[in-house]
Each structure stands twice: as C-alpha cells, then as structure tokens.
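One structure is given below, encoded as structure tokens.
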Amino acid sequence: MEVLEFDSKKKELCLLEVPVPPKLSDHDVLVKVAYAGICGSDLKMLSGDIPVADKIILGHEICGTVAETGKEVDSVIPGDRVAIDPNSGCGVCPECADGNYHYCECGGGNNYVGVFRNGGWAEYCVVPARQAFLIPKNMAFELAALTEPLSCISHGWDKIQPLQIGKRILILGAGIAGNLYACLFHLNGHRKVTVCEPQEGRRKIFDDIDTGFEIITPNQLKERKAKCPNWKVDVVVDCSGNVNALEDAVELLNNGGLLSIYGLAPPQAKFRVSPFLLFEKELTINSVLLNPFCFRKSMKYIAALNFRYLGFEKLGVQVFKLKDFEEAIRALKSGCISKAIFKMI
Amino acid sequence: MDALQFDLKSKQLSLIQLPVPSKLAENDVLIKVAYAGICGTDLHIAEGAFPCGEKVVLGHEFSGVVEAVGSKVNHVKPGDKVSVDPNSGCGTCNYCTDSNYHYCEVGGLNNTIGIYRNGGWANYCVVPNNQVFKLPEKISLEQAALTEPLSCISHGWDKIQPIPIGKDILIMGAGIIGNLWACVLHLQGHRKVIVSEPQEARRKLVANLNTGYEIMKPTDLQARKAANPKWGVDLIIDCSGFGPAIEQALDLLNPGGQLCIFGVASPETKISVSPYLLFKKELTINAINVNPFSFNKSLGFIDAMGDRYLAYEKLGIKVFGLNQYEAALAALKTGTIAKAIFKID
C-alpha cells in the first residue's frame, strides 16, 4: 500500500510502498482510510518542533471503512464507516482513573495514532477497536474527516463554559481551528464575535462561512484598542499560538474575562503578563489539550453543523491525493487554504 | 473620636480627632468598632501604591457593636454584634445585575469602606445596612475581625473548585492569608499540603497551626523539583504576590494543574509564561478579586473553625491600640507577626 512515512531524524517525508499490515491483534481493527487530514501540529512535527516517533506514518485525523476486525472486536464489523480517535490512555494509571486520560504518560499523547504509532496517511491503518467510532448513516463521509479536529474544539468549548449569549468574544486566528470555533459559536447562538486574522486569504475564506461575524486584522484591532479604550471582550480564544497576539489580547479582556489558549505556540515562546492585572480584573487563563471524551460530542456537532457550516469549499478545506503531499503542505503553509485533507478513495 | 486618617497627597497616616457621625441616613448603621485589622492592601495604600480616597479613615476588616440605626434599618438593632462587608455594588449596572458586583465601576473596589469611604480604624463607623452582618451566637467580636479576609478566601475557594481530597496543594507565602488558606484546607480534609515561605519567623507561625502540613523554604521546593523532575502539585495558591515565585510556580504544576493568584503583586510586576507549557500540561491560571456574595460563607467557616484555627496567637495575630499604629505597621512589615489588628475601646 501507499504511505507517507516521516523520518524524524532526517526530517523527511517520503511516499513509500509498504505491505498492508498482515496480522491483527484481538482488539484491533484494520481501517481502509478514506480521508486523512493534515493538522497544524503535523506541520510542527515535520519541522521538528514537536517530538514524534523515529519512523512513522503520520496522520491522526482519519475516517475510513473497516476492512477487517480482530477476533475479540464486536463494536464494528467490516464495511462499517468509522472515524478514528487517535488518543487513548492506559486505563489504569491515576490520571486515567481520574478521567484525565489525555494526561496519561503511557497512553495520551505518547500512544497517539499518527504520532507515536502509524497513522492515516496511508491506504490502510490499524487502530484499537475502542478508538474506532461508527459514523452515523446520514453523515457525509468527508464531513466525518473533521471529527478529530472538531473533537479538540469541543473540549475547548467545554472549557469556556458557561458562556451566556451576549458575551463578547474574540477569536485570534482564522485557520481551521478559528473557523471551527466560529461555527460552534454561531450554531450556539452567539452573535457578538470578532475574528482577528493577519492573512488576507484566510479572512476571505472566513467570510465564506457567512456567520456575519466581524473579521479584522491585528492592526485594526490595535487601532480600535487605541480609539475605543472601552471596547472589551469577555472571552478570547487564541487559535494563533502567537505570543504578541496573546499579550495584546489580555489587555482587551473585560473584568472577569477568560483567555483560552488553543493555538500551539513554539515551545520557547513566552508572553509577559501582569499578575496585578489578572487580580484587578479577576482574569482566568486556561488552555486546551486534545479531546478527552469528546469524540461522540464532535460527531453530534457535525450532524448539526452539516454542510451549512462544514462544506469543504466554505471552510477553505482542499482535498489532495497522497502523492501530492508536497503541494498540499505548501498550500496549507501559504494560508490560501485553511486545511488540506488527503482523499484515498 | 479617635481616627487614623490617611492623606493621599502627603502619604501620611495620622491619628486625629473627628466628631462621632451624628446624623444617620435612613438605611445606615452606626457601629462602635471593636476590632479592625490591618490588611496587606492597607500597607500598599500607606505606601501610595494602591488607589484610595483623598482623605480617608482606613480599615476595611472590622467587627463591632451596633450603636444606632437609621429609620429604615430592621435587620439589626443597637447592641447587636456585627461584622462589616466593606464591598458593595451600585446594583444597577451590567456587572451588578450579572451577579458580579465586585467589578462594578461605581461600587466594587471603587466604593470600598476603608479605602474610598471612611472605615474602621476609628471608634465609630457608618455603614449601609446591606453591608452589616449580624454575628451568630458562637462567633466572638475578636474572631469576627477575620470575616473579611476569610470572605476573600471563600470566594477564591469557590473559584478553584472542584479540588478533590488527596490532590497535592502548595501554598506560597505564610502571612495571614497563607495561614487562613491552610486552615480552610485543613478544615475541609486536605492533608497533602505544602506551605512555602522564605521568612523563618513566618514558618514558625504557620507551624503553630498544627496542621501537620509540610513547611519549607522556596529554595527547598526548587531542590525537590530538581532532584525529582516528576514531582509536582495539582494546585498552587499564591499568597506571596512575588513575581519570580509566581513564574516558577508554573513549572511545579502537574498536568491539569491550577495556579490560583491570590496575593496582590505590584502593578509593575510582570511574569513570563510559556503558552506551550500551558497547553502541554493543560494548566489554568485563576485570579481572585475580593469577596462577592461570600460574607455569610465566611461566617460559616468561622463558626466551624472556632479557636482551634482562629485563636489570634495560633495565627500569629498581634493586637494593638489605635495609638500604636506605627509599631503595628512596623511589626507587620518585618514579618515577626502574620497580622496586626487594632482593638478599639
């Protein structure tokens, strides 16, 4: 089968022919991959900013069809369409036992499909059955490819609750994460949302989602701050990972405000913040890691959002063949699309 | 009557004679002050580092006996022992009607008794009736002087929930606030608590509370982390307001950990925060501002704690006469006591 293998020592991604995994263990399923997304974190793995296994097939946003099941598997059968949750825990450590399997040191990030075990940038992929979620019959296959990214947003969504309608929200960054957050805000009835994005291409894509949300540049945001010192927001969702944007955003928060950090900053980057300001305005800063217990929620969001919000052309998602990976990565980096997804069928 | 008045222009605190307030508005209560604490905030005010009224009798932590009531006051009567909540809101702005009266721009910090209106460092003080709380039978005037600081801790306690028993907790700073946090945690069954404090005298004071909590120097903490990088805590309550300590604290948190900023840092202090660290460990930073809707809860704590926790000598509280204010401020600054409270006859 065709796969994209990453050699983390050489920092090289290569299209290879390898055999389809021949033998399944009792609790595994073999999935024939239909769609597999390229995530922002994949780009950071390719550049060496996030650690991965030495030689690995990347791809952790996967949906496909069950081709074969291990003999103990009874949750799915061959032919079922499934979306894959790449994350799991060991199930026995204190973190797992407390319901925080995304902190598990054996599972969690360290057993991540497409990061530490072979993932979905391939024709076939082997995953534990409990990480394969049945796709509802009436859901378009391509939308199911968004289950994983939306499950992370869903976890982030839970972490900014309760959030009353009428609160003012600022989203930093209109890549796919900012766009999906905007979709959730709109679906849930929020109308006072401002999105800040430096790249023109992305601002145009954002307009296509047709939420009526205001989209501005970081400079426009600065000008507004200078002109209207009373313009404040209750929640900032950072999808930029940019420390300068974070520093500016903290000062825009209203009393009782919340900064929720979703975007992945480089490990060395730091932002400066005044503890007195945090006290004076009683601010909260939280952060969002992965997608614990959020896969089913994400599928329900997809069913509700559907093509009104998630149509690929609206979201700025472009589909590529596996062999066109260089072009896909280039397009994603340039910002002319918000997401690239490999289509294997 | 005697009163300790602060003059913002000259930054001078002086013991002066003022007439006993003679005319009460219909909703006001005249209180004969019994005990009035000196708060860390008062020290900041006296140094000119915290905003306040131009000429104001300080003192926002006090208990006393009702001397007279306005014509519409019916929940207390002369002779009742009471404690005073110095904070209130306007009742009509968006913050107030959303239950966040501590953010109110008319009330809130900007109308605090003992900061913007004359407070309790005097024989008598006039207070609006909705800020006067009648003491339960069991609570003494002496204990009730702690209602205000404990009400702030109570608000902080509510904001960091849920904290299951068995979580590892670090309190930074063993002034009165750190000590009261230790009491609140111990009362509610927490046993895995470390208190970190640089001053030897204060380490001795917190040991007097007999909670069995481990007490160490900040350098010991760093050494423990260096010896065992896997060692960490789940919750850090900063009562130090010291920038470098707050900054280092983030490295001590376990995944899912929480930093609660309770101590007030100087307005110029900034800390450097790595968003990547926040993301990787999914940390939360929470700041706490004063005591909305927390006065009755605080009285509940005092009722349950009694002298087991709150006896002045256990907490390192020393009592002074109003005319000994210079000695009181000096003792507080040196750290030989955890708190100074005026006893007013």
Side-chain angles (χ1 to χ4, degrees), chain A residues 41 44 49-50 94-95 98-100 102-105 108-109 155-156 159 164 166-167 230 234 238 240-243 245-247 250 254-290 292, chain B residues 44 49-51 94-95 98-100 102-105 108-109 155-156 159 164 166-167 230 234 238 240-243 245-247 250 254-290 292:
Chain A
S41 61
K44 294 207 163 73
D49 283 335
I50 298 182
E95 298 293 6
D98 280 356
N100 293 313
H102 55 320
Y103 304 151
C104 172
E105 291 193 350
H155 178 49
K159 290 199 71 173
Q164 295 82 8
K167 293 286 179 190
N230 288 332
D234 300 295
D238 176 62
S240 76
N242 181 306
V243 286
L246 286 175
E247 283 183 4
V250 169
N254 234 327
N255 292 342
L258 166 67
L259 165 64
S260 190
I261 297 180
Y262 184 92
L264 194 49
Q268 296 77 22
K270 295 202 171 183
F271 70 104
R272 306 267 297 158
V273 63
S274 147
F276 183 82
L277 182 76
L278 299 181
F279 148 78
E280 196 186 18
K281 296 167 102 187
E282 200 170 48
L283 305 180
T284 301
I285 301 175
N286 71 21
S287 47
V288 181
L289 177 69
L290 304 175
Chain B
H44 294 310
F50 200 93
N94 288 348
Y95 288 126
D98 276 358
S99 85
N100 293 313
H102 57 318
Y103 304 150
C104 174
E105 289 178 0
L109 265 181
H155 174 52
K159 281 202 72 171
K167 289 290 178 188
K230 287 205 158 183
D234 303 298
D238 177 63
S240 76
F242 183 57
I246 301 171
E247 199 169 286
L250 289 168
N254 284 331
Q258 192 176 178
L259 167 64
C260 171
I261 295 186
F262 195 92
V264 180
S266 129
E268 288 77 37
T269 300
K270 290 202 170 187
I271 56 169
S272 288
V273 179
S274 152
Y276 182 79
L277 179 77
L278 298 184
F279 150 79
K280 197 172 167 229
K281 298 211 263 172
E282 201 171 46
L283 305 180
T284 300
I285 303 175
N286 248 320
I288 311 298
N289 187 327
V290 303

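Lettering follows sequence order; numbering is per chain, from 1. Both backbone and side-chain heavy atoms feed into the values below; hydrogens, waters and symmetry mates do not.
- B:K230 and A:E105 are joined by a salt bridge, as a carboxylate oxygen and a charged side-chain nitrogen come within less than 4.0 angstrom of each other.
- No donor-acceptor pair closer than 3.5 Å links the side chain of B:N286 to the backbone N or O of A:T284.
- Contact between B:T269 and A:P275 at its shortest, heavy atoms only, is O-CD, 3.2 Å.
- Between the side chain of A:N286 and the main chain of B:T284, no donor-acceptor pair closer than 3.5 Å is present.
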Check step by step if side chain to side chain contact (heavy atoms under 4.5 Å, CB included) holds for A:F276 and B:V264. CA-CA 6 Å; A:F276 183 82; B:V264 180; 3.7 Å; yes
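- The two residues B:S274 and A:P267 make their nearest non-hydrogen contact at OG-O, 3.9 Å.
- The main-chain N or O of A:F271 is never found under 3.5 Å from a side-chain atom of B:S272 such that the two would form a donor-acceptor pair.
- Contacts between B:I288 and chain A at a heavy-atom distance below 4.5 Å involve backbone atoms as well as side-chain atoms.
- Looking at A:V273, both its backbone and its side chain come within 4.5 Å of chain B, counting heavy atoms on both sides.
- In this structure, the portion of B:I261 lying under 4.5 Å from any heavy atom of chain A is its side chain and not its backbone.
- With no hydrogens or angles considered, no side-chain donor-acceptor pair links A:D49 and B:Y276 at under 3.5 Å.
- With chain B as the partner, the residue from A:L259, A:N254, A:N100, A:L258 showing the most heavy-atom pairs under 4.5 Å is A:N254.
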Could you walk me through whether B:N100 and A:N255 satisfy the side chain to side chain contact (heavy atoms under 4.5 Å, CB included) test, starting with their C-alpha distance in whole Å, then the side-chain angles of each, then the deciding distance to 0.1 Å, before giving a yes or no? CA-CA 9 Å; B:N100 293 313; A:N255 292 342; over 6 Å; no
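- Considering CD1 of B:I271 and CG of A:L278, their distance stands at 6.5 Å, rounded to 0.5 Å.
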Evaluate the criterion side chain to side chain contact (heavy atoms under 4.5 Å, CB included) for residue pair A:L289 and B:K280; output intermediate values, then yes/no. CA-CA 7 Å; A:L289 177 69; B:K280 197 172 167 229; 5.7 Å; no
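- Contact between B:G256 and A:Y103 at its shortest, heavy atoms only, is CA-OH, 3.0 Å.
- The candidate with the highest count of non-hydrogen atom pairs below 4.5 Å against chain A, out of B:K159, B:Q258, B:K281, is B:K159.
- Shortest non-hydrogen contact noted between B:Y103 and A:E282 is OH-OE1, 2.7 Å.
- To the nearest 0.5 Å, the span separating NE2 on A:H155 from CD on B:E282 amounts to 3.5 Å.
- Within a 6.0 Å radius of CG in A:D98, other residues, nucleotides and ligands contribute more than 12 heavy atoms.
- Looking at B:D98, only its side chain comes within 4.5 Å of chain A, counting heavy atoms on both sides.
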